[in-house]
Amino acid sequence: MQSEGLLIVISAPSGAGKTTLCRGLTQRFPALRESISYTTRQPRPGEVDGVDYHFISEARFRQMVAEHAFIEWAEVHGNLYGTALATIEEARCSGVDILLDIDCQGAKALKQRGVRGLFVFVLPPSMHELRRRLESRSSDASEVIERRIVRATDEIREARWYDYIVVNDRLEEAQELLAAIVTAARATTERMVGQVAKLFDI
Ligand code: ADP
Ligand code: 5GP
């Protein structure tokens, strides 16, 4: 019996390991679909339009905003990013669970609009380790890393209103915890009550 698709919203400061954890989650739950956002930023090498993002012009983005095509949108690092309303509605109706990798502003907008979902914040174990990961990952210039560290402090303040916090210290443990959170969220009474009513005719 089909229930409404679960909306999983994951945010984290850059470098905390969100991409790594999301990849692990989609491997663990192959039916989970990743929402493909719209963005005005340029594709990075290897990124594919329609797979990683829908890469669009700022004019087109603004037009979509005016048409109320986004359920949320935000400016992040000087570029615009948005989640299409249609993506969410489609997942809801088809019963498919959907993963949204969006920043705190977007997540907060969804929460404030009363969108039902599972809101998870991924934290690094320390600022020191965040810096180490940013430096070890990247081709980013040192001033870009500094900006990300400064921004991380503000983002971490937002963690308090999320439903769950996953500290990504040991990767395997964080992956297990995230999977457990998703599994539990699928079995909440709110989600199950309709099925129970049908199963037991009550
Ligand atoms: P984000 O998407 O949050 O910016 P990434 O997933 O790209 O972060 O991870 C940043 C870097 O840290 C990558 O090099 C990744 O391999 C590494 N990383 C992720 N999780 C861990 C972990 N638990 N322990 C050590 N390194 C990690
Ligand atoms: P990147 O450009 O590195 O892929 O993503 C930069 C930031 O934008 C990340 O924090 C990512 O979560 C966020 N982001 C990606 N898509 C969306 C979206 O549709 N809405 C919002 N609000 N943020 C997004």
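Start at 1 with the first residue, then count along the sequence. For clarity, every value in this text was computed on a predicted model and none was experimentally measured. All values below were derived from every heavy atom in this structure, side-chain atoms included, with hydrogens, water molecules and symmetry-related copies excluded. Each ligand, and each atom within it, is numbered from 1 in the order the structure gives.
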Side-chain contact test, heavy atoms from C-beta onward, threshold under 4.5 Å: evaluate it for Asp101 versus Lys18 and give yes or no. yes

Please list the nearest protein heavy atom to atom 3 (O) of ligand 2 with its residue and the distance rounded to 0.1 Å. Arg44 NH2, 2.9 Å

Min over Glu173, Arg132, Gln175, Arg133 of heavy-atom distance to atom 22 (C) of ligand 1 lands on Arg133

With respect to Gly17, determine whether any N or O atom, backbone or side chain, lies less than 3.5 Å from an N or O atom of ligand 1. yes

Would Gly82 count as being in polar contact with ligand 2, using the rule that some N or O on each side must be under 3.5 angstrom apart? yes

Nearest-neighbour protein heavy atom for atom 20 (N) of ligand 2, which is reported as residue plus atom name and distance: Glu72 OE2, 2.7 Å

Could you check atom 20 (N) of ligand 1 against the protein and tell me its nearest heavy-atom contact, residue, atom and distance included? Asn168 ND2, 3.0 Å

Atoms of ligand 2, numbered as shown, that sit under 4.0 Å from any heavy atom of Thr83: 18 (C), 19 (O)

Does even one non-hydrogen atom of Ser14 get within less than 4.0 Å of ligand 1? yes

Polar proximity ligand 1 side, Asp169 side, N/O cut 3.5 Å exclusive: yes

Looking at atom 19 (O) of ligand 2, what's its closest protein heavy atom, distance included? Ser37 OG, 2.6 Å

Distance from atom 10 (C) of ligand 1 to nearest protein heavy atom, with residue and atom: Gly15 O, 3.7 Å

If you measure every N or O of Ser136 against every N or O of ligand 1, does any of those distances drop under 3.5 Å? no

How far is atom 15 (C) of ligand 1 from the closest protein heavy atom, and which atom is that? Thr20 OG1, 3.8 Å

Are the aromatic ring centres of Phe61 and Phe70 under 6.0 angstrom apart? yes

Just do the salt bridge (Lys or Arg N to Asp or Glu O under 4.0 Å) check on Arg23 and Glu34 with the steps written out, would you? CA-CA 10 Å; Arg23 203 178 302 132; Glu34 287 182 82; over 6 Å; no

Pairwise side-chain contact, Thr26 with Leu99, heavy-atom cut-off 4.5 Å (strictly under): yes

Is there at least one pair of N or O atoms, one from Glu129 and one from ligand 1, spaced under 3.5 Å apart? no

Show your working on side-chain contact (heavy atoms from CB on, under 4.5 Å) between Leu100 and Leu110 and close with a plain yes or no. CA-CA 11 Å; Leu100 265 64; Leu110 294 181; 3.8 Å; yes

Identify the closest protein heavy atom to atom 5 (O) of ligand 2: which residue and atom is it, and at what distance? Tyr53 OH, 3.4 Å

Matching residue for Arg41 among Glu75, Glu47, Glu58 - test: salt bridge (charged side-chain N to carboxylate O under 4.0 Å, His left out): Glu47

Are the charged groups of Glu143 and Arg148 less than 4.0 angstrom apart, N to O? no

Near Gly106 (heavy-atom distance under 4.0 Å), the atoms of ligand 2 are 22 (N)

Are Glu158 and Lys108 within salt-bridge range, i.e. N to O under 4.0 Å? yes

May I ask you to identify the nearest protein heavy atom to atom 9 (C) of ligand 2, giving residue, atom name and distance to one decimal place in Å? Lys18 NZ, 3.8 Å

Ionic contact status for Arg151 with Asp154, cut-off 4.0 Å: no

I need the atoms of ligand 2 closer than 4.0 Å to a non-hydrogen atom of Ala74, numbered in the order shown. 22 (N)

Is Ala16 near ligand 1, meaning one of its heavy atoms is under 4.0 Å from it? yes

Charged N to carboxylate O under 4.0 angstrom, Arg186 versus Asp97? yes

Gln105: heavy atom below 4.0 Å from ligand 2, yes or no? no

For ligand 2, which is the ligand I care about here, please tell me if Tyr81 has any N or O atom under 3.5 Å from one of the ligand's N or O atoms. yes

Arg132 and Glu129: CA distance, side-chain angles, deciding distance, salt bridge (Lys or Arg N to Asp or Glu O under 4.0 Å) verdict: CA-CA 5 Å; Arg132 194 199 64 75; Glu129 174 63 7; 2.8 Å; yes

Does Phe55 have its ring centroid less than 6.0 Å away from the ring centroid of Tyr38? no

For ligand 2, note which part of Val76 has a heavy atom under 4.0 Å away: side chain, backbone, both or neither. side chain

Residue pair Val9 / Val115, side-chain heavy-atom distance below 4.5 Å: no

Which of the atoms of ligand 1 are close to Thr19, meaning less than 4.0 Å from one of its heavy atoms? 1 (P), 2 (O), 6 (O)

Asp101 N/O under 3.5 Å from ligand 2 N/O: yes

Quick one: look up the protein heavy atom nearest atom 13 (C) of ligand 2 and list residue, atom name and how far away it is. Asp103 N, 3.8 Å

To the nearest 0.5 Å, tell me how far Ile8 CD1 sits from Ile181 CD1. 10.5 Å

Does Glu90 pair with Arg33 as a salt bridge, N-O distance under 4.0 Å? yes

In the protein, which heavy atom is nearest to atom 7 (O) of ligand 1, and how far is it? Arg137 NH1, 3.0 Å

Residue portion contacting ligand 2 (non-hydrogen atoms closer than 4.0 Å) for Glu75: neither

Can Gln105 and Glu72 be said to form a side-chain contact (heavy atoms from CB on, under 4.5 Å), step by step? CA-CA 9 Å; Gln105 305 169 74; Glu72 66 75 31; over 6 Å; no

